[in-house]
Colleague: 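The structure's right below; bear with me while I get my questions together.
In what follows, every chain begins at residue 1, and chains take the letters A, B, ... in the order their sequences are listed.
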Amino acid sequence: MENKHSILEMDYIERQERIALKNCGLIDPERIEEYIRYEGYQALAKAILKLGPEGVIEEIEASGLRGRGGAGFPTGRKWRSGYLAKGGEKFIICNADEGDPGAFMDRSILEGDPHSVIEAMTIAGYAIGASKGFIYVRAEYPIAVKRLQIAIDQAHGMGFLGRDIFGSGFEFDIELRLGAGAFVCGEAKALIASIEGKRGMPTPKPPRTNDKGLWGKPTILNNVETFANVPPIIRKGSGWYAGIGSEKSKGTKVFALGGKINRTGLVEIPIGTPLREVIYDIGGGIPDNKKFKAVQTGGPSGGCIPKEHLDVKIDYESLQEIGSMMGSGGMIVMDEDNCMVDIARFFLEFSVEESCGKCTPCREGTKKMLSILDKIASGEGVMEDLDYLQSLGNVIKETSLCGLGKTAPNPVLSTLKYFRDEYEAHVKDKTCPAGVCQALLEYYITEKCIGCGACKRVCPVNCISGEKKQLHTIDPVACIRCGACQEACPVDAIIKR
Amino acid sequence: MIKLTIDGIGVEVEKGTSILDAAKSVAINIPTLCHDDRLKPSGACRICGVEVEGSDELQASCTTPAREGMVIHTRSDRVAAARKQLLELIWEDHPNECLSCQKAGECTLQDLCYDYGVEAEGFAPLKVRTPLDTSNPFYTFDKDKCILCGKCVRVCEELQGESAIHFVQRGHETMISHPFEKGMAFSTCVSCGNCVQVCPTAALMPKTEEKFRVWDIEKKVRTTCSYCGVGCQLDLVIKDNKVVRVDAARDGENEGMLCVKGKFGYSFLNHKDRLTMPLIREGGVFREASWDEALDLVAGRMTEVYDHSGSDAFAAFASARCTNEDNYVLQKMMRGIFKTNNIDHCARL
Amino acid sequence: MTNSIREVIHNEVIFVIGSNTTENHPVIGAMMRQAVKNGAKLIVADPRRIPLARDADIYLPIQPGTNVALLNGMIKTILEEKLYDEEFIRERTVDFNRMAEALKDCSVAKSAALCQVSEEDIRRAARLYASSHKSGIYYAMGITQHSRGTEGVYNIANLAMMTGNVGVEFAGVNPLRGQSNVQGSCDLGGLPDVYPGYQKVADEKAKARFEASWGVQGLSREPGLTLPKMVDKALEGKIKMIYIMGENPMVSDPDLTHFEAALDNLDFLVVQDIFMTETAQKADVVLPAAAFAEKDGTFTNTERRIQRIRKALDPPGEAKADWWIINELMKRMGYQNAFANPEEIMAEIAGVTPIYGGIDYERIDSKGLQWPVKDKSHPGTPYLHRDRFTRGLGQFMPVTYTESAETADEAYPLILTTGRLLYHYHTRSMTGRIPGLNEVVGESYVEICPKTAALYGLENGEWVTVRSRRGEIKIKVKITEDIKEDVVFIPFHFADAAVNRLTNVALDPIADIPELKVAAVRIEKLA
């Protein structure tokens with residue numbers, strides 16, 4: 001047993017490739033000396049003293065690095081457009097408004113290796129000609145905020161920030177801006193509005209932030225993980241980085257592996273690794289020998305991937321093809337006990353709560369979809385509802401203003417596609433096959449009952465009857481399906497059906 | 001210049017023109033709820049979505065620039081179906097009160113629901129109504145009838161420069177409000193009514209003394225505001241020889257803007273204190289007189305004074321609130337009949 | 001205005017002095033804010049922190065009566081720092097050096113001391129104004145209602161000319177006219193020295209032209225009396241009869257006690273109005289007039305645009321249009337060429353008024369035209385002085401600072417200034433009868449800063465007596481941070497607590513404008 005455990009441990013480590021997370025857990029993030037000891041700020045020195053702005057951009061372009069926030073836009077191309085943008089003042093923004101439920105890739109980097117982000121932003125500023133950067137970080141990450149501020153101060157003290165960095169005349173400074181936890185503020189334009197002190201609401205593109213971003217000036221915005229890849233690329237060269245990953249997507253991606261899986265946590269894998277490998281080799285498979293049902297990637301904007309697609313290679317395009325997305329890196333595994341209607345409801349509810357309320361389809365449409373899912377989950381759905389969900393989901397996708405709305409129906413649409421039978425069971429048979437949707441369950445006392453009365457005592461609505469030592473029964477009409485009886489039963493005589 | 005095709009018609013427009021404006025240039029009207037030429041495009045309502053060949057999504061025509069070679073369909077089945085669904089979503093949150101709503105007939109939402117065949121049946125209109133905000137003396141705000149197009153917010157911010165109102169809450173709970181949410185009268189609102197003017201539904205409505213609907217309006221008369229010297233153009237909305245509303249004119253120099261006085265300050269016209277008969281003072285009190293009597297008296301006294309004391313005994317105050325024609329005639333009388341230049345007015349005050 | 005309203009949003013620099021634009025010309029005020037959002041820079045000079053001060057890049061809270069000092073400080077800065085437009089001065093103007101010479105003894109520091117603002121702020125404002133050829137100056141009664149008001153206007157013109165900011169688009173010298181047709185009533189001869197179109201009454205040719213047109217003989221070439229002088233003559237008994245059309249001087253004019261005595265001394269007073277105003281109550285005959293919505297005609301706005309007003313309603317009762325009433329009187333006094341309708345009047349105006357030469361109702365049906373409109377094919381004039389000034393070359397007028405007729409002293413230690421509010425119009429004969437407006441502002445008040453209020457032990461909302469050398473009123477206190485120390489403000493709209501019982505009749509020697517913006521007062525708590 002111990003042996004097997006260590007093999008698993010080996011797989012867990014060996015199949016990962018740690019670039020963005022390389023220092024996390026190894027160095028003391030509050031001591032710049034430790035960062036420097038692990039080759040910290042050498043990339044900045046190389047950028048300024050050797051490469052020059054053009055050289056930096058060429059390296060990033062050649063590396064094939066793409067945005068790790070989810071959209072996968074080529075970082076080098078973004079930087080080049082920032083470099084070419086006219087207008088004196090330019091800005092660098094680090095999007096540290098990590099908001100997907102269950103995702104904490106960026107948080108780990110900010111807390112474990114804040115200097116990597118600061119070094120990268122400074123390199124970006126040097127490359128495009130910006131002298132000011134902002135890190136938009138969630139106020140819910142107090143440790144990250146504290147360590148970032150310490151890191152900024154230390155970088156100042158060492159001359160990596162401020163005036164005349166490495167004697168080049170280049171000047172760069174970074175300020176923190178704390179977000180108040182609105183998911184939509186992870187959207188570039190809403191984030192910028194929030195930094196400007198306005199309500200965090202997306203505005204239409206064009207103009208793109210590269211041309212008119214913060215205060216109308218050219219602004220390059222990347223997320224934490226993207227930045228964390230920059231110093232190693234500059235230091236080791238684009239050729240090294242481009243050698244990792246798949247044909248179209250280079251490098252690694254960090255995922256937050258969670259849900260029904262043996263080994264939860266952050267994993268950093270070369271892009272293109274098959275999904276199966278992540279779940280079974282790195283994640284160690286499903287606990288309790290339960291059957292794998294689906295994996296949800298991309299957070300509330302992503303979709304559910306069924307087992308027939310387990311061999312998909314994890315990259316931007318492949319995931320999109322099967323109705324999900326890379327997203328920022330959430331990866332939640334579901335087994336046979338998960339109801340897919342319930343899962344879709346959960347993610348959709350998140351989007352409903354986090355919609356900024358600006359555009360009609362996202363504000364009204366997601367709410368409408370949720371009410372239909374509620375109806376289905378409570379056994380009141382009709383088959384027309386499924387068609388309406390499909391068509392409304394499509395309209396929301398094709399008409400919404402920003403990425404939040406455009407992707408909000410994904411959890412519903414992907415489960416409708418791959419798990420339509422579960423929806424139909426809810427609608428036609430009024431049952432929840434996984435036994436999750438409370439309204440469709442009936443608690444039932446089997447012959448195993450020993451008549452102890454424990455269930456009767458805990459029932460909050462007194463719907464259980466039966467003489468002592470006799471088989472008890474539940475009145476299904478009065479029952480509120482709280483499940484207290486099932487927990488109280490010493491002999492597991494109460495089942496859901 | 002950029003060439004593109006809209007509904008089979010070749011269009012040529014300048015770079016940077018939106019699809020909406022490109023379509024307008026060939027008389028294709030794309031419906032909108034949140035658009036106003038004077039404001040930065042917001043892309044909120046999404047009603048103006050059109051099909052652009054080669055694109056998966058419908059493109060909001062107000063915010064998408066026309067590009068070379070685009071082939072656009074503004075009225076395809078796909079577009080119409082999406083618009084209908086969006087309208088259904090809005091309608092579902094809207095009180096089903098068209099029968100008793102003063103905006104009926106002038107409501108953009110009502111018109112579009114008609115155009116796209118949205119039916120009230122099958123949807124559940126709001127049952128519990130939020131109380132009307134009547135705190136402002138000049139207009140009411142009905143949160144339930146608000147469709148969150150945001151035009152009021154943007155007019156207040158971009159044109160009026162007050163930013164008295166904004167969105168609060170988020171998602172489905174989003175609404176238009178102001179700090180502390182105590183009622184519009186307790187905001188920094190200056191009651192210019194420029195938001196009321198652009199509201200597509202009955203969410204913002206001018207307070208009126210009497211009820212009327214669009215088909216009760218006898219006429220709208222374009223005229224110039226009678227208050228300050230800006231000379232804003234406006235339409236007096238008339239019913240039963242009474243002004244019942246004032247609409248700002250878009251084609252005046254004011255470009256659809258007014259102030260509180262121009263927009264809401266018209267009820268003096270029908271005030272009971274209006275002078276309706278010539279009055280002659282007799283024994284320290286006024287008595288009513290006919291025009292003939294009053295004019296004969298004035299003409300007689302003036303002739304008397306002129307004959308007795310000459311030109312220098314006369315003076316007249318012209319008026320900065322009377323028309324050019326009125327003033328011209330008055331100075332003509334003073335100069336032409338009484339041969340005096342003793343005419344002045346309160347231009348200095 | 002030399003320039004047009006819509007040009008405001010294209011200004012690069014906006015200099016507002018003596019105008020509370022957002023309250024008194026709200027739509028232009030809104031456009032100024034749009035311009036600021038577009039990136040225009042805004043300079044505001046006003047003793048009160050008016051709403052636009054919030055939007056300003058430079059706000060100069062100057063002492064009432066120091067406009068000329070401020071403008072001299074700015075001109076001096078531009079001279080010293082050589083920020084002027086040499087080419088414009090050379091090609092388009094005369095007497096630049098004379099003006100500069102007159103400022104020999106003036107220093108920016110002295111100006112700063114008089115205005116009670118910092119020298120650096122004056123210099124910054126001057127540099128900013130001079131930095132663009134799209135700098136527009138906007139002013140109103142805060143410049144003109146002073147005993148040296150004309151000099152303030154001269155100095156504004158000096159500033160604009162020396163920086164080449166007049167005679168070009170998106171700049172200009174732009175007085176904002178306060179009332180709907182104050183421009184038109186001036187244009188159409190409602191002034192004692194000019195016929196319609198500013199043709200001098202003293203001019204023989206003009207006289208002949210009008211005699212021919214009107215079919216009369218013996219028009220006077222003697223300029224008439226200005227309003228304040230009329231009042232004096234009435235008191236002396238020389239003027240026996242006054243005809244007042246649509247004015248309420250019993251509230252709007254300075255030193256009301258004096259004015260009331262003058263009206264009481266008349267033999268005959270006729271007032272034509274839509275309401276029984278404070279002035280109408282003094283009349284021998286009151287004639288009921290139609291309001292703007294009840295008649296046809298034209299108004300000329302602050303940008304010289306002649307626009308239609310149209311009859312939308314029947315007047316109440318027997319009320320008649322003002323032109324009709326006068327026309328009837330003229331007929332009764334034997335004048336034959338009476339008018340049938342306003343359109344005929346405009347046709348006659350166009351015939352005798354060159355700047356209105358091309359105006360007829362058909363041409364201005366959908367959109368008004370800006371004078372000068374010389375003939376039927378002339379498109380109107382969006383901005384004046386394009387290639388030459390009316391007089392040829394622009395005349396610099398040397399101006400030195402003179403203090404206001406009345407200044408604070410021990411007996412009257414506070415300076416009173418007056419003005420308008422957003423929610424009321426002139427003497428409130430219209431707005432006083434609109435419930436909503438009075439719900440917002442229903443009574444007068446005296447604005448006073450917290451420090452001065454504390455000095456007199458005054459509380460917000462307390463009734464006080466405000467007294468000047470000419471009279472006293474009882475009024476409520478409104479404490480606000482938005483006014484300078486030792487300065488108080490009272491709106492002039494209200495007949496109760498009429499501030500013009502306190503104001504000074506000291507006149508500007510050229511324009512006969514009374515000094516309504518500066519009077520010395522004291523405040524007394526009610527016993």
Colleague: State, with a plain yes or no, whether a side-chain heavy atom of C/M330 is found less than 4.5 Å away from one of B/I337.
Modeller: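 Side-chain contact under 4.5 Å: yes.
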
Colleague: Over all heavy atoms of both residues, which pair between B/A315 and C/M230 is shortest? Give the atoms and the distance, please.
Modeller: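 Taking B/A315 first and C/M230 second, the nearest heavy atoms are CB-SD, 3.7 Å.
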
Colleague: Between C/N438 and chain B, with a heavy-atom cut-off of 4.5 Å, which part of the residue counts as in contact: side chain, backbone, both or neither?
Modeller: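 For C/N438, neither part sits under 4.5 Å from chain B.
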
Colleague: Check the orientation of B/Y227 and C/Y425. Use parallel for under 30°, tilted for 30 to 60°, and perpendicular for over 60°.
Modeller: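 Perpendicular, since the angle between the ring planes exceeds 60°.
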
Colleague: For atom CG of B/D312, decide whether the heavy atoms of other residues, nucleotides or ligands shown that lie under 6.0 angstrom number more than 12.
Modeller: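 12 or below, so no.
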
Colleague: As an exercise, state the distance from CE of B/M334 to OH of C/Y243, rounded to the nearest 0.5 Å.
Modeller: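 Going from CE on B/M334 over to OH on C/Y243, the span is 10.0 Å.
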
Colleague: Can you name the nearest heavy-atom pair linking C/S220 to B/N341, along with the distance?
Modeller: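 Residues C/S220 and B/N341, closest heavy atoms: O-ND2, 3.0 Å.
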
Colleague: Where does C/Q217 contact chain B at under 4.5 Å (heavy atoms): side chain, backbone, both or neither?
Modeller: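 Looking at C/Q217, just its backbone touches chain B.
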
Colleague: Please flag which part of C/K282 lies under 4.5 Å from any non-hydrogen atom of chain B: side chain, backbone, both or neither.
Modeller: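 Just the backbone, heavy atoms under 4.5 Å.
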
Colleague: Taking all non-hydrogen atoms of both residues into account, name the closest pair between B/D344 and C/T226 and its distance.
Modeller: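 Nearest heavy atoms, B/D344 then C/T226: OD2-CA, 3.3 Å.
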
Colleague: For chain C, which of B/G229, B/C192, B/P137 has the most heavy-atom pairs under 4.5 Å?
Modeller: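 Looking at each option in turn, the highest pair count goes to B/G229.
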
Colleague: With no hydrogens and no angle check, just 3.5 Å: does a side-chain donor-acceptor pair link C/S185 and B/N327?
Modeller: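 Checked: C/S185/B/N327 side chains show no N/O donor-acceptor pair below 3.5 Å.
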
Colleague: Do B/L279 and C/M276 pass the side chain to side chain contact (heavy atoms under 4.5 Å, CB included) test, and can you show the C-alpha distance, the side-chain angles, and the key distance before you say yes or no?
Modeller: CA-CA 10 Å; B/L279 301 170; C/M276 181 56 81; 3.4 Å; yes

Colleague: When rounded to the nearest 0.5 angstrom, what is the spacing between CG in C/L329 and OG1 in B/T303?
Modeller: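 Reported value, rounded in 0.5 Å steps: 9.5 Å.
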
Colleague: Looking only at side chains, do B/N324 and C/N181 share a donor and an acceptor under 3.5 Å apart?
Modeller: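 A donor-acceptor contact under 3.5 Å links the two side chains.
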
Colleague: Could you tell me whether a side-chain N or O of B/S319 sits under 3.5 Å from a main-chain N or O of C/G246, the two making a donor and an acceptor?
Modeller: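 Yes; judged by distance alone, with no hydrogens or angles, the pair exists.
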
Colleague: Check for a donor-acceptor pair, side chain of B/N342 on one end and backbone N or O of C/L225 on the other, with a separation under 3.5 Å.
Modeller: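 Yes, the answer is positive, given that a donor and an acceptor are paired below the 3.5 Å cut-off.
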
Colleague: To the nearest 0.5 angstrom, please state how far the CZ atom of B/F264 sits from the CD1 atom of C/I434.
Modeller: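 Going from CZ on B/F264 over to CD1 on C/I434, the span is 11.5 Å.
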
Colleague: I need the residue from C/E303, C/R305, C/M346, C/Q183 with the largest number of non-hydrogen atom pairs under 4.5 Å to chain B.
Modeller: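 Ranked by heavy-atom pairs under 4.5 Å with chain B, first place is C/R305.
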
Colleague: Are the side chains of C/S180 and B/C228 in contact, using a 4.5 Å heavy-atom criterion?
Modeller: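 A side-chain contact is absent here, since even the closest heavy-atom pair is not under 4.5 Å.
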
Colleague: Pick one of side chain, backbone, both or neither for C/A234, based on which atoms fall under 4.5 Å of a heavy atom in chain B.
Modeller: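 No part of it gets close to chain B.
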
Colleague: Check whether any side-chain heavy atom of B/Y328 sits under 4.5 Å from a side-chain heavy atom of C/V352, and report yes or no.
Modeller: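 Yes; the side chains approach each other to less than 4.5 Å.
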
Colleague: Is it true that, when you exclude C/K37 itself, more than 12 heavy atoms of the residues, nucleotides or ligands shown sit nearer than 6.0 Å to its NZ?
Modeller: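 Yes, enclosed.
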
Colleague: Taking atom CG of B/N254 and atom CD1 of C/I28, what is their separation to the nearest 0.5 Å?
Modeller: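 Between B/N254 CG and C/I28 CD1, I get 10.5 Å after rounding to 0.5 Å.
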
Colleague: Indicate yes or no for a side-chain donor-acceptor contact from C/N301 to the backbone of B/V230 under 3.5 Å, with no hydrogens or angles considered.
Modeller: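 Yes; judged by distance alone, with no hydrogens or angles, the pair exists.
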
Colleague: How about C/R308 and B/R222: do any of their side-chain heavy atoms sit closer than 4.5 Å?
Modeller: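 Contact flag for C/R308/B/R222 side chains = no.
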
Colleague: Look at the side chain of B/R274 and the backbone N and O of C/A289, then say whether any donor-acceptor pair between them is shorter than 3.5 Å.
Modeller: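 Here the side-chain-to-backbone pair exists.
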
Colleague: Can B/E253 and C/K367 be counted as an ion pair, charged N to O under 4.0 angstrom?
Modeller: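 C/K367 and B/E253: salt-bridged.
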
Colleague: How about residues 280-288 of chain B versus chain C: which residues have heavy atoms under 4.5 Å apart?
Modeller: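 Under the 4.5 Å heavy-atom cut-off, B/I280, B/R281, B/F286 qualify.
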
Colleague: Ignoring hydrogens and geometry, is there a side-chain-to-backbone donor-acceptor pair from C/D322 to B/T323 under 3.5 Å?
Modeller: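 Judged by distance alone, no pair lies under 3.5 Å.
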
Colleague: Which one wins on heavy-atom pair count under 4.5 Å against chain C: B/S311, B/C259, B/P278?
Modeller: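 Top option by heavy-atom pairs under 4.5 Å: B/P278.
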
Colleague: I'd like to verify something: which residue of C/E222, C/M31, C/K320 has the highest number of heavy-atom pairs under 4.5 Å with chain B?
Modeller: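 Ranked by contacts with chain B, first place is C/K320.
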
Colleague: Can you tell me which portion of C/N24 sits under 4.5 Å from chain B's heavy atoms? Options are side chain, backbone, both or neither.
Modeller: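 Backbone only.
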
Colleague: Can you tell which part of C/L176 gets under 4.5 Å to a heavy atom of chain B, answering side chain, backbone, both or neither?
Modeller: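 When you check distances to chain B, no heavy atom of C/L176 falls under 4.5 Å.
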
Colleague: For each of C/E344, C/Q272, C/K233, C/Q281, tally heavy-atom pairs with chain B at distances under 4.5 Å, and name the one with the top tally.
Modeller: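 Of the candidates given, the most pairs with chain B belong to C/Q281.
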
Colleague: Is it true that atom NZ of C/K229 has more than 12 heavy atoms of other residues, nucleotides or ligands lying nearer than 6.0 Å?
Modeller: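 Counting other residues, nucleotides and ligands, NZ of C/K229 stays at 12 neighbours or fewer.
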
Colleague: Checking C/P342 against chain B: side chain, backbone, both or neither under 4.5 Å from a heavy atom?
Modeller: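 When you check distances to chain B, atoms from both the backbone and side chain of C/P342 fall under 4.5 Å.
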
Colleague: Who among C/F339, C/F275, C/W324 has the most heavy-atom pairs with chain B under 4.5 Å?
Modeller: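 Among C/F339, C/F275, C/W324, the one with the most close pairs to chain B is C/F275.
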
Colleague: What part of C/R433 gets closer than 4.5 Å to chain B, counting heavy atoms only: side chain, backbone, both or neither?
Modeller: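 Both backbone and side chain.
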
Colleague: Would you mind telling me which of C/V216, C/T302, C/L313, C/V285 has the largest number of heavy-atom pairs within less than 4.5 Å of chain B?
Modeller: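 It is C/L313.
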
Colleague: Can you tell if the side chain of B/D251 reaches within under 4.5 Å of the side chain of C/S366, non-hydrogen atoms only?
Modeller: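 Side chain of B/D251 against side chain of C/S366, heavy atoms only: no contact under 4.5 Å found.
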
Colleague: To the nearest 0.5 Å, what is the distance between CE (B/M333) and CG (C/N327)?
Modeller: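 It comes to 10.5 Å.
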
Colleague: For C/K311, enumerate each residue passing the salt bridge (charged side-chain N to carboxylate O under 4.0 Å, His left out) test, keeping only those at least two apart in sequence or located in another chain.
Modeller: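 For C/K311, the residues satisfying salt bridge (charged side-chain N to carboxylate O under 4.0 Å, His left out) (neighbours in sequence not counted) are C/D314.
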
Colleague: Considering only heavy atoms from C-beta outward, does the side chain of B/S226 approach that of C/M430 to under 4.5 Å?
Modeller: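 Counting from C-beta outward, B/S226 and C/M430 do come under 4.5 Å.
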
Colleague: Could you walk me through whether B/L269 and C/E294 satisfy the side chain to side chain contact (heavy atoms under 4.5 Å, CB included) test, starting with their C-alpha distance in whole Å, then the side-chain angles of each, then the deciding distance to 0.1 Å, before giving a yes or no?
Modeller: CA-CA 9 Å; B/L269 289 166; C/E294 297 151 3; 4.0 Å; yes

Colleague: Is there a side-chain contact between B/V260 and C/Y423 (heavy atoms, below 4.5 Å)?
Modeller: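 A side-chain contact exists here, since the closest heavy-atom pair is under 4.5 Å.
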
Colleague: I'd like to verify something: which residue of C/E23, C/H25, C/M1 has the highest number of heavy-atom pairs under 4.5 Å with chain B?
Modeller: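 Highest number of heavy-atom pairs under 4.5 Å: C/H25.
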
Colleague: C/I325 versus chain B, heavy atoms under 4.5 Å apart: side chain, backbone, both or neither?
Modeller: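 Both the backbone and the side chain of C/I325 come within 4.5 Å of chain B.
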
Colleague: What residue among C/K238, C/M241, C/K240 forms side chain to side chain contact (heavy atoms under 4.5 Å, CB included) with B/S309?
Modeller: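 So the option named by the test is C/K240.
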
Colleague: With a 4.5 angstrom heavy-atom cut-off, is it the side chain or the backbone of C/E343 that approaches chain B, or both, or neither?
Modeller: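 Neither part.
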
Colleague: Need one label for C/T298: side chain, backbone, both or neither, based on atoms under 4.5 Å from any heavy atom in chain B.
Modeller: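 Its backbone and side chain both get close to chain B.
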
Colleague: Measuring from B/C322:SG to C/Q179:CD, what's the distance to the nearest 0.5 Å?
Modeller: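 Reported to 0.5 Å precision, the distance equals 10.5 Å.
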
Colleague: Can you tell me if B/T223 uses its side chain to pair, donor with acceptor, with the backbone of C/R310 under 3.5 Å?
Modeller: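 The answer is yes, because a donor-acceptor pair under 3.5 Å joins these two groups.
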
Colleague: Among pairs that include at least one residue of residues 319-336 of chain B, which meet salt bridge (Lys or Arg N to Asp or Glu O under 4.0 Å), considering only residues two or more places apart or in two chains?
Modeller: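 Applying salt bridge (Lys or Arg N to Asp or Glu O under 4.0 Å) to every pair that reaches into residues 319-336 of chain B, excluding sequence neighbours, yields B/D326-C/K295, B/K332-C/E348.
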
Colleague: Less than 4.5 Å to any heavy atom of chain B: does that hold for the side chain of C/V36, its backbone, both, or neither?
Modeller: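 It is neither, since no heavy atom gets under 4.5 Å.
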
Colleague: Hey, which residues of residues 289-298 of chain B are touching chain C, say heavy atoms under 4.5 Å apart?
Modeller: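 Counting heavy atoms that sit under 4.5 Å from chain C, the residues of residues 289-298 of chain B involved are B/W291, B/D292, B/A294, B/L295, B/D296, B/L297, B/V298.
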
Colleague: Decide yes or no for B/M257 and C/Q34: does some side-chain heavy atom of the first lie under 4.5 Å from some side-chain heavy atom of the second?
Modeller: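 A side-chain contact exists here, since the closest heavy-atom pair is under 4.5 Å.
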
